[in-house]
Q: 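Take a look at the following structure, please.
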Amino acid sequence: MADVIPFDMRDGSLWFDGKLVPWKDAKTHVLTHGLHYGSCVFEGERFYNGRIYKLAEHTARLFESARILGMKIPYTEDQISAACMEAGKAQDIVDGYVRPVVYRGSEMMAVSAQNTKNHVAIAAWRWASYFDPSTKLKGIRLDISKWHRPGPDMAPTNAKAAGLYMICTLSKHEAESKGYADALMFDYRGYVAEATGANIFFVKDGKLHTPIADCFLNGITRQTVIELAKKRQIPVVERYIEPSELATFSECFLTGSAAEVTPVSEIGPYRFKPGEISETLMHDYSEEVRRPDSQVTLKKAG
């Protein structure tokens with residue numbers, strides 16, 4: 001990773017509080033509330049062929065996440081969507097990643113922060129693949145995390161909130177230290193939930209099985225893959241999955257804006273063989289996101 005440029009040292013521009021600013025000048029104070037208390041929500045979006053896939057859905061989810069955390073975004077959804085496009089164009093992104101983030105500022109430093117300013121930043125950068133593309137079709141290896149996804153009465157699980165990812169970082173770091181690519185997390189009841197930043201699907205007897213998204217995000221990519229499977233007449237079963245069932249599935253894959261569709265070959269002691277359904281949906285998703293009529297290029301908000 002020595003050739004990776006630190007994110008605060010990159011060239012170009014990003015969108016910050018209403019305008020493009022030099023990338024290296026987009027700074028916030030060390031005492032910002034979002035850093036200390038996790039009052040921060042974000043999105044992960046992908047550019048394909050110069051357009052952002054399902055931009056409107058991502059922007060709507062950003063606003064809903066902010067609403068759940070009691071944060072008002074000082075722009076309209078159209079303005080934020082246009083700003084995402086502007087941030088990408090400023091960096092000449094054709095295929096890449098977009099990160100809009102909303103966070104409370106540094107006016108108050110306490111648990112209560114009613115009078116803080118809500119900031120919005122949007123950055124875009126080139127990013128080919130979340131997991132190593134050379135091993136993607138072989139399937140990645142997952143550890144099993146000791147951390148469980150919290151229940152909806154324990155945390156704002158319907159929000160894409162920064163604080164919810166602390167246990168994801170812990171889980172992924174531990175997995176990587178053991179040679180795995182990622183980790184599977186169970187939920188607060190002990191059912192199979194998701195990976196650290198992606199939803200999960202299993203294949204059994206020609207059917208897709210995926211956990212009910214009632215304590216983690218019902219991912220936009222997850223919803224797309226379910227639609228693609230139904231177009232292929234592949235039955236999709238959304239249900240609670242016991243850890244003991246992992247031994248009964250033949251295929252497994254992850255879905256997410258970053259992960260796209262990524263086959264899995266191992267989860268701890270359990271083995272899977274990436275097969276026809278995983279490969280079909282991986283290719284169908286790749287074609288879907290690059291269809292011109294599946295993407296919208298927005299004009300700048302006035």
Q: Does Ile226 form a side-chain contact (heavy atoms from CB on, under 4.5 Å) with Arg222? I'd like the steps, not just the answer.
A: CA-CA 6 Å; Ile226 288 174; Arg222 177 185 186 273; 3.9 Å; yes
Q: Report yes if the side chains of Phe202 and Leu208 come closer than 4.5 Å at any heavy-atom pair, otherwise no.
A: no
Q: Please check if the side chain of Tyr75 supplies one atom and the backbone of Asp17 the other of a donor-acceptor pair under 3.5 Å.
A: yes
Q: Apply the test side-chain hydrogen bond (donor to acceptor under 3.5 Å, both in side chains) to residues Ser81 and Thr59: give CA-CA distance (whole Å), side-chain angles for both, the deciding distance (0.1 Å), then the verdict.
A: CA-CA 6 Å; Ser81 290; Thr59 300; 2.8 Å; yes
Q: Which heavy atom in Pro263 sits nearest to a heavy atom in Met282, and how many Å separate them?
A: CD-SD, 3.9 Å
Q: Validate the cation-pi geometry between Arg51 and Tyr53: distance from NZ or CZ to the six-membered ring centre under 6.0 Å, angle to the ring axis within 45°.
A: no
Q: Between Lys172 and Glu176, is there a salt bridge with N-O shorter than 4.0 Å?
A: yes
Q: For a 4.5 angstrom cut-off between non-hydrogen side-chain atoms, does His209 reach Phe201?
A: no
Q: List the residues meeting side chain to side chain donor-acceptor pair (under 3.5 Å) with Asn158, not counting sequence neighbours, and say none if there are none.
A: none
Q: With a 4.0 Å cut-off, would you call Arg67 and Glu64 a salt bridge?
A: yes
Q: Does the Ser250 side chain pair with the main chain of Val203, one donor and one acceptor, at a distance under 3.5 Å?
A: yes
Q: So Glu245 and Arg239, side-chain contact (heavy atoms from CB on, under 4.5 Å) or not? Walk me through it.
A: CA-CA 12 Å; Glu245 295 182 69; Arg239 64 181 180 85; 2.7 Å; yes
Q: Start with the C-alpha gap between Ile144 and Phe186, add the side-chain angles, then the distance that decides, and say whether side-chain contact (heavy atoms from CB on, under 4.5 Å) holds.
A: CA-CA 8 Å; Ile144 297 177; Phe186 299 147; 3.8 Å; yes
Q: Closest approach of Leu281 and Val225, non-hydrogen atoms and distance?
A: CD1-CG1, 4.2 Å
Q: For the pair Glu107 and Thr116, evaluate side-chain hydrogen bond (donor to acceptor under 3.5 Å, both in side chains) and give the outcome as yes or no after the intermediate values.
A: CA-CA 5 Å; Glu107 291 81 6; Thr116 50; 5.0 Å; no
Q: On the 0 to 90° scale, with breaks at 30° and 60°, tag the Trp125-Trp23 ring pair as parallel, tilted or perpendicular.
A: perpendicular
Q: Would Val111 and Met71 show up in the same hydrophobic cluster when neighbours are defined by side-chain heavy atoms closer than 4.5 Å?
A: no
Q: Nearest 0.5 Å, please: how far is OG1 in Thr157 from OH in Tyr188?
A: 8.0 Å
Q: Does a side chain donor of either Ser171 or Ser145 reach within less than 3.5 Å of an acceptor in the other side chain?
A: yes
Q: For the residue pair Asp95 and Arg126, establish whether any side-chain heavy-atom pair is separated by less than 4.5 Å.
A: no
Q: Say whether, by atom type as modelled, one donor and one acceptor occur between the side chain of Gln91 and the main chain of Asp11 under 3.5 angstrom.
A: yes
Q: Compare all side-chain heavy atoms of Pro100 with those of Cys84 and state whether any distance is below 4.5 angstrom.
A: yes
Q: Hydrophobic cluster membership, with links at side-chain heavy-atom distances under 4.5 Å among I/L/V/M/F/W/Y: are Ile73 and Ile68 in one?
A: yes
Q: Please answer whether the main-chain N or O of Ile200 pairs with a side-chain N or O of Thr255 as donor and acceptor at a distance below 3.5 Å.
A: no
Q: Check whether the side chains of Tyr191 and Asp214 place a donor and an acceptor atom closer than 3.5 Å, and report yes or no.
A: no
Q: Charged N to carboxylate O below 4.0 Å: is that the case for Arg232 and Asp284?
A: yes
Q: Identify whether Val120 and Leu35 are in the same connected component of the hydrophobic contact network (ILVMFWY, side-chain heavy atoms under 4.5 Å).
A: no
Q: Classify the angle between the aromatic ring planes of Trp127 and Tyr97 as parallel (below 30°), tilted (30 to 60°) or perpendicular (above 60°).
A: perpendicular
Q: In the structure I gave you, are the side-chain heavy atoms of Val102 and Phe63 within less than 4.5 Å of one another anywhere?
A: no
Q: Transitively linked via ILVMFWY side-chain contacts under 4.5 Å: Tyr180 with Leu170?
A: no
Q: Flag yes if Val192 and Val264 sit in one hydrophobic cluster, no otherwise; membership is Ile, Leu, Val, Met, Phe, Trp, Tyr, and two members link when side-chain heavy atoms are under 4.5 Å apart.
A: yes
Q: Quick one: closest heavy-atom pair of Glu45 and Leu55, and the distance?
A: OE1-CD1, 3.5 Å
Q: Would you say that Cys168 contacts Met185 through its side chain, given a criterion of any heavy-atom pair below 4.5 Å between the two side chains?
A: yes
Q: What pairs with Glu174 under salt bridge (Lys or Arg N to Asp or Glu O under 4.0 Å), at least two apart in sequence or on another chain?
A: Lys178
Q: Look at the side chain of Thr262 and the backbone N and O of Ala259, then say whether any donor-acceptor pair between them is shorter than 3.5 Å.
A: yes
Q: Kindly indicate, with the supporting measurements, whether the criterion side-chain contact (heavy atoms from CB on, under 4.5 Å) is fulfilled by Met85 and Ile52.
A: CA-CA 7 Å; Met85 293 298 302; Ile52 300 173; 3.7 Å; yes
Q: Any donor-acceptor pair under 3.5 Å linking the side chain of Glu251 with the backbone of Ser278?
A: yes
Q: For Leu184, does its backbone N or O pair with a side-chain atom of Glu194 as donor and acceptor, under 3.5 Å?
A: no
Q: I'd like to know if Asp187 and Arg189 make a salt bridge, using a cut-off of under 4.0 Å between side-chain N and carboxylate O.
A: yes
Q: Please answer whether the main-chain N or O of Thr28 pairs with a side-chain N or O of Thr32 as donor and acceptor at a distance below 3.5 Å.
A: no
Q: What are the two closest non-hydrogen atoms of Leu217 and Arg61, and how far apart are they?
A: CD1-NH1, 4.1 Å
Q: Counting N and O atoms only, with roles assigned by atom type, does the side chain of His58 sit under 3.5 Å from a partner on the main chain of Ile220, one being a donor and the other an acceptor?
A: no
Q: Less than 4.5 Å apart, side chain to side chain, heavy atoms only: is that true for Tyr37 and Tyr103?
A: no
Q: Going by heavy atoms in the side chains, are Lys160 and Glu43 under 4.5 Å from each other?
A: yes
Q: Let's go through Ser265 and Lys138 carefully: what are the C-alpha distance in whole Å and the side-chain angles of both, what is the deciding distance for side-chain hydrogen bond (donor to acceptor under 3.5 Å, both in side chains) to 0.1 Å, and is it a yes or a no?
A: CA-CA 7 Å; Ser265 61; Lys138 300 177 186 175; over 6 Å; no
Q: Going by distance alone, is a donor N or O of one side chain under 3.5 Å from an acceptor N or O of the other, for Ser39 and His33?
A: yes
Q: I want to check a possible cation-pi pair here: Arg149 against Phe216, using under 6.0 Å from ring centre and within 45° of the ring axis as the test.
A: no
Q: Looking at every non-hydrogen atom in both residues, tell me the closest pair between Glu288 and Thr224 and how far apart they are.
A: CG-CG2, 4.1 Å
Q: Can you give me the closest heavy-atom contact between Val261 and Tyr285, atom names plus distance?
A: CG2-CB, 3.8 Å
Q: For Ser286 and Arg290, which I'm curious about, is there any donor-acceptor pair between the side chains at under 3.5 Å?
A: yes
Q: Using a strict 4.0 Å threshold on nitrogen-to-oxygen distance, state whether Asp182 and Arg141 make a salt bridge.
A: no
